[in-house]
Amino acid sequence: MEGAARVVAVVVTWNRRDLLVESLDALAGQDAPLTATVVVDNASTDGTADLLRERAAGDRLLDVVPLEANSGGAGGFAAGVAQALTHDPDLVWLLDDDTVPTPGALAALLEARAAYRTREGRAPAVLASRVVWSDGRDHPMNTPRPKPGASAAERAAAQAVGAVPIRSASFVSLLADADVVRERGLPLADYFLWNDDFEYSTRLLRDRVGLYVPASVVVHKTRAFGSTDADPGERFYFEVRNKLWLFTRSAGLTPAEKALYAGSTARRWVRTARRSSDRRTLLRAAARGLRDGVTTGPRPNAEVLERAGWHAPLATVDPGRLLPAGTPFALLVATWAGDRPDYLRLALTSSVHDQTRRPAQVVLVQDGPVPEALAAEIERLVATSPVPVTHLVLPGNVGLGPALDAGLAASDHEVVARMDADDVSEPTRFAEQLPLLEAGADIVGSGLLEFDDDPAEVVGRRTPPTDPEEILRVVRFRDPFNHPTVVYRRSAVLAAGGYSDMALMEDYLLFTRMLVGGAVPANLAEPLVRYRVGDGAYARRGGRELLRSELALQRRFRDLGLTTRRQYLRNVAVRGGYRLVPEPVRRLAYRRLLANRTGHARG
């Protein structure tokens, strides 16, 4: 059994107090222990909030996320999975509040996972349990869909560990690999009521392995034994709208699979209409669903969940998110063989010695071997720093993303400020940014001034969007933060999966995943960093390698459900084209369109 795996359970509840108690007791009694249990309370009115408050006071493993409005299973699991990732899990186990797992349910999933990884060299992305009703019969509502067209080898590999290949699963009991969750994103809160688990599980499982494990048994204590074929009435709107979203906007299914599932869906819709006792109401709901499914798309989670208080404006932020005034923070800087010693000296001097509010720690990540002159400068900087320096030396050059991840792991503080090794901080930078973190923000950036060689000779200015709604809107088309200026909460970065090794795109991808996950953003328009654009800056913004990263980034945005197909194509054409034009043209375009940009984007 994979006993060392860190597993965090996520339970979404609404007005099922007694069943929730049974479910939580069953989770606490698992043969394979949990690292934590996150419970999302969808604004219950039956005493659930008091119950959870009492239990959390005596249970350090219980993490309660109270919402101010019922966001359904879709919104609840979006908020819950985001919270689960803050516990740094290996696996996330999603369960409904009327699901009671048998004592060996989790252990059976872990055993199948470990056995499959040992045999095949890779772990499944998703494992699903056998779901039975109260009387022991298989529950028809929650049967995972077998993988269409699974090869003989896939079936044999699954059978060897007592499992069956699947293409989708329900949230009744779904164990997901946390790394895949970080890569593919959160459930979409706007899939309220229907198809949220189908969209999410297919997104996690595209090009991945999914297993149905009959040895893992959970009891789904629904009031009645039956499937989802019951007459839905007005709720049919959500089935139609969400299915159209899934077929036209989700990256979960391949084109061939969309055709297959669309045909199956059409047959089921016809069957539902024939059986309906109020066909007029059903067809009216279907017509509205068709209209909205074609003309709209899922909104970002932060926008959907704002009314539930999960993504509150800074002015009305939960007092529990406040940090004490004067909270200590770490400064994170990565350097490598290509950096100049004098540039690094100026960067650290301006960001430590000259600051009116100094960091409590400097984390200086040396990304691989460096020339003798740079090594000597690093030694001098560490010796003369007025604050403690953690000098982390990586044996080989791994790139900026992994280097920053290593630096985050070495930070002693929750609040971390970023700085590049060749830029210059204004003296009041941290004194102006830190209060916004202390007031509840998860990430705070600022404007910047650009210079070629002399910091005093400004050649451009970039002013980011400062309105949180504008930040959420423009992120589909461009990075709303200037990376060298940001200060953020370490837990929010880890919840989004940290940096990734994507050339010159690691920051944009991270910040996007933070925002999609509900991080509270803020920007100051004032330029608090001077950014060096000389030494080949324009050459680095183009070329085939960066084009590949750009295309990978845009595919990831589609996976996250952030962009529509039209927006994806627009971004590929505009942003991808920018990478291919000659450097003089790129320099001119940057100067005209990006430098001196204000916070309002026309996206």
Side-chain angles (χ1 to χ4, degrees), residues 330-355 358-359 361-412 416-425 429 448-457 459 482-486 498-507 529-546 548-549 583 586-587:
L331 175 69
L332 175 58
V333 182
T335 186
W336 73 297
D339 287 331
R340 283 178 45 169
D342 55 337
Y343 289 177
L344 178 62
R345 184 189 319 123
L346 182 56
L348 286 181
T349 300
S350 68
S351 301
V352 180
H353 300 69
D354 299 341
Q355 287 296 306
R358 288 177 174 174
Q361 175 195 20
V362 175
V363 179
L364 180 60
V365 184
Q366 181 179 312
D367 188 11
V370 298
E372 192 173 310
L374 181 56
E377 183 62 43
I378 291 173
E379 186 177 350
R380 282 194 294 271
L381 290 169
V382 172
T384 58
S385 173
V387 303
V389 177
T390 301
H391 179 203
L392 183 63
V393 181
L394 305 182
N397 178 252
V398 296
L400 181 60
L404 293 178
D405 282 333
L408 283 170
S411 170
D412 295 333
V416 177
R418 271 285 292 124
M419 184 65 183
D420 280 349
D422 58 354
D423 296 333
V424 182
S425 290
R429 176 187 167 189
L448 56 77
L449 299 175
E450 296 183 339
F451 67 96
D452 283 327
D453 186 55
D454 183 354
E457 296 181 5
V459 298
N482 295 316
H483 187 204
T485 75
V486 298
Y499 288 90
S500 63
D501 190 8
M502 185 177 286
L504 290 181
M505 299 289 181
E506 56 276 308
D507 57 323
V529 170
R530 293 179 184 252
Y531 177 72
R532 192 181 301 272
V533 294
D535 293 345
Y538 303 104
R540 291 195 300 269
R541 288 188 170 94
R544 292 176 180 268
E545 181 183 355
L546 195 55
R548 284 193 292 270
S549 290
E583 183 179 343
R586 188 160 53 248
R587 176 189 290 264

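Computed from heavy atoms alone, side chains included, the values below leave out hydrogens, waters and symmetry copies.
Using a 4.5 Å heavy-atom threshold, the side chains of Asp452 and Val533 count as touching. Looking only at side-chain heavy atoms (C-beta outward), Ser351 and Val333 stay at 4.5 Å or farther from each other. A 4.5 Å side-chain heavy-atom check between Leu381 and Val389 finds every atom pair outside the cut-off. Inter-residue side-chain proximity for Met419 and Ser350 is flagged as met; some heavy-atom pair is nearer than 4.5 Å. A 4.5 Å side-chain heavy-atom check between Arg418 and Leu404 finds at least one atom pair inside the cut-off. Residues Phe451 and Arg532 form a side-chain contact, since some pair of their non-hydrogen atoms from C-beta on lies under 4.5 Å apart.
Across Asp420 and Asp423, no two heavy atoms sit closer than the pair CB-OD2, 3.2 Å. Taking each heavy atom of Ala337 and Val370 in turn, the nearest pair found is N-CG1, 3.9 Å. In terms of heavy atoms, Leu392 sits closest to Gly407 at CD2-N, 4.2 Å. Nearest approach of Ala334 to Ala403, heavy atoms of both residues: CB-CB, 4.5 Å. Taking all atoms of both residues into account, the shortest heavy-atom contact from Pro386 to His353 is CD-NE2, 3.4 Å. Between Val387 and Pro359, the closest heavy-atom pair is CG1-O, 3.2 Å.
Remark: Asp412 engages Gln361 in a side chain to side chain donor-acceptor pair (under 3.5 Å) (not counting sequence neighbours). Under the side chain to side chain donor-acceptor pair (under 3.5 Å) criterion, Thr335 pairs with Asp339, sequence neighbours left out.
Atom CG of Leu448 is separated from atom OG1 of Thr485 by 6.5 Å, given to the nearest 0.5 angstrom. Within the model, atoms OG1 of Thr384 and CD of Glu379 stand 10.5 Å from one another, a figure rounded to the nearest 0.5 Å. Tyr343 OH to Asp453 CG: the interatomic distance, rounded to the nearest 0.5 Å, is 4.5 Å. Atoms CG and CG, on Asn397 and Asp367 in that order, are 4.0 Å from each other to the nearest 0.5 Å. Summarising the geometry, atom CZ belonging to Arg380 is positioned 12.5 Å from atom CG belonging to Leu348; distances are rounded to the nearest 0.5 Å. One finds the CZ atom of Arg429 at 13.5 Å from the CZ atom of Arg530 (value rounded to the nearest 0.5 Å).
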- Message: Under the criterion side-chain contact (heavy atoms from CB on, under 4.5 Å), I'd like the reasoning laid out for Leu400 against Tyr499: C-alpha separation, chi angles, the key distance, then a yes or no.
- Response: CA-CA 9 Å; Leu400 181 60; Tyr499 288 90; over 6 Å; no
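Of the possible polar contacts, one joining the Arg358 side chain to the Val352 backbone as a donor-acceptor pair under 3.5 Å is found.
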